[in-house]
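Within every chain, numbering begins at 1; the chains are lettered A, B, ... in the order of the sequence lines, protein sequences first and strands thereafter.
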2 protein chains.
Amino acid sequence: MIKVIVVEDHPIMVEGLKNILRSDAGIELNGDYGDGKSVLQALEKGQPDVILMDVNLPDISGVTLCGEVKKKYEDVKIIALSIHDEQPVIHSMLQNGASGYVLKNALGNEIIRAIYAIMDGEEYLCSSTKEALKNADMELLKAIPRITRREKEILQLIGKGLTTMQIADQLFISTHTVESHRKNLMEKFGVNNTTSVVKLASEYKLL
Amino acid sequence: MIKVIVVEDHPIMVEGLKNILRSDAGIELNGDYGDGKSVLQALEKGQPDVILMDVNLPDISGVTLCGEVKKKYEDVKIIALSIHDEQPVIHSMLQNGASGYVLKNALGNEIIRAIYAIMDGEEYLCSSTKEALKNADMELLKAIPRITRREKEILQLIGKGLTTMQIADQLFISTHTVESHRKNLMEKFGVNNTTSVVKLASEYKLL
DNA sequence: AAAAAAATCCCGGAAAACAGGGGTTTTCCC
DNA sequence: GGGAAAACCCCTGTTTTCCGGGATTTTTTT
């Protein structure tokens with residue numbers, strides 16, 4: 001029996017997943033958790049074979065959670081579940097140790113297939129995910145940029161529509177500093193204006 | 001028996017909803033559809049009492065679909081299902097005739113409760129939705145701005161990171177015209193820079 | 001304790017966006 | 001069909017952002 005746990009904050013979705021998993025005799029559902037903290041606690045008392053993990057959780061990002069789980073329990077396989085097909089999101093999850101990536105618009109049996117595939121040591125990507133990755137060559141694929149606390153702070157204020165000067169005033173730093181951060185954000189996101197930074201940040205749920 | 005149909009593009013979610021609806025003896029599930037077009041077709045051959053409708057569909061926006069369905073079949077009650085708790089989204093759905101709004105992180109029985117409530121002629125909002133609406137007084141609530149074809153086009157190009165001049169070139173209009181549209185977008189969204197426009201548009205899934 | 005990363009500050013010129021004005025053509029409603 | 005509103009188009013001056021370099025001081029990590 002393959003032991004599976006589900007990490008997902010939408011109860012209706014959990015309901016659907018339970019249903020799907022129940023339909024397969026070789027899979028045993030060992031509990032579900034609505035956020036990152038509770039699953040980390042639960043793992044201390046024993047690990048499943050596979051975690052089905054939503055990428056958007058209420059407390060911490062799926063990318064971070066995935067990395068932490070794999071660091072502590074390297075044998076646990078993780079399948080990412082997501083509504084995003086943005087390449088950097090997919091890429092970041094895989095880099096953080098996920099063995100599979102299945103979009104939420106996938107059919108139920110793709111989940112089952114994914115579980116068996118990764119138990120066989122394969123990496124499983126659902127068809128839409130493959131489609132999304134196909135166009136870019138893996139080498140050039142950008143991950144979600146890692147931004148610092150301060151940068152995030154400034155990003156959020158920019159998102160609120162504040163100008164450089166207003167941000168400087170609010171954080172008690174000079175406008176030059178704000179501009180530096182702005183510049184670094186553009187650099188990290190690989191774009192050349194703040195609008196695009198905000199758009200990407202919004203897509204990656206960084207705001 | 002209350003006849004219900006589900007409009008939702010995530011099969012796993014549909015699975016969960018089916019499960020929940022099956023558990024109630026007074027509700028009968030009359031089919032599910034993955035996009036707006038197919039549900040409009042299906043409605044021509046007969047209407048249910050209630051439609052559970054996802055706000056984010058692959059083909060048309062839930063807001064539009066809701067309006068169209070209500071225009072043709074005013075007796076059909078609609079419950080919006082959504083992951084967003086943004087006020088303008090909620091407001092727009094309700095203005096377009098939805099009788100209920102339930103967030104996807106709601107518990108299964110909230111769906112059941114919502115169905116019965118709206119069949120009694122009430123309006124049903126789940127607790128998180130009420131929370132989201134509470135802070136703003138209803139009078140001032142902004143709906144999602146209605147933008148024109150051209151404006152949307154320009155919005156998308158801005159979202160791609162193009163400058164005014166690049167957009168002008170691409171659409172064969174002058175930079176001044178682009179700036180006018182930019183201005184109108186800011187006006188309609190009630191903000192004073194493009195970055196905020198893009199952020200909001202992204203939240204409302206207008207890009 | 002050394003090295004790396006983050007956060008802070010600085011400049012000047014070029015490029016773009018913004019604000020506030022105007023006008024013409026569609027579209028929609030009565 | 002006619003009037004109003006919306007959509008679309010254009011212009012000028014001012015403000016803000018962007019780009020290209022810098023530099024110094026804290027943290028954090030190894």
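Residue B:K188 has no polar side-chain atom (N or O) positioned under 4.0 Å from OP1 or OP2 of D:dA6. At D:dA7, none of the side-chain N or O atoms of B:H181 fall inside 4.0 Å of OP1 or OP2 (strictly under the cut-off). Close to D:dT27, at under 4.0 Å from its OP1 or OP2, lies no side-chain N or O of A:R150.
D:dC8 atom P lies 6 Å from atom CD of B:E151, rounded to whole Å. Put simply, CD1 on B:I147 is 15 Å from C1' on D:dC8, counting in whole angstrom units. The nearest whole Å value for the distance from the CD1 atom in B:I158 to the P atom in C:dA17 is 8 Å. Across the protein-nucleic acid pair, B:L185 atom CG and C:dA19 atom P stand 13 Å apart, rounded to whole Å. Between A:E187 atom CD and C:dA6 atom P there is a gap of 13 Å when expressed in whole angstrom units. Between B:N184 atom CG and C:dG20 atom C1' the separation is 13 Å, expressed in whole Å. Between A:R146 atom CZ and C:dA4 atom P there is a gap of 15 Å when expressed in whole angstrom units.
The nucleotide whose nearest atom lies closest to any side-chain atom of B:T148 is, among D:dA7, C:dT8, C:dA5, D:dA7.
Where B:T175 and A:R149 each meet DNA chain D at their nearest nucleotide, the meeting point lying more 5' is that of B:T175.
There is a side-chain donor-acceptor pair under 3.5 Å between B:E110 and B:Y124.
Other residues, nucleotides and ligands contribute more than 12 heavy atoms inside 6.0 Å of the NZ atom of B:K70. Within 6.0 Å of CD on A:E187 lie no more than 12 heavy atoms contributed by other residues, nucleotides or ligands.
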At under 4.0 Å between heavy atoms, how does the protein contact nucleotides 11-19 of chain D? Give one character per nucleotide, 5' to 3', with B, S or -. BB---SSBS
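At a threshold of 4.0 Å, the pair A:R150-A:E153 counts as salt-bridged, since one of the basic side-chain nitrogens sits closer than that to a carboxylate oxygen.
Under the side chain to side chain donor-acceptor pair (under 3.5 Å) test applied with A:T164, the options A:R182, A:H181, A:H176 reduce to a single match, A:R182. Of the candidates B:H84, B:K205, B:H10, B:E8, B:N56 forms a side chain to side chain donor-acceptor pair (under 3.5 Å) with just one, namely B:H84.
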Before giving the answer on salt bridge (charged side-chain N to carboxylate O under 4.0 Å, His left out), spell out for B:K199 and B:E203 the whole-Å C-alpha distance, their side-chain angles and the decisive distance to 0.1 Å. CA-CA 6 Å; B:K199 193 194 143 217; B:E203 274 169 17; 3.7 Å; yes
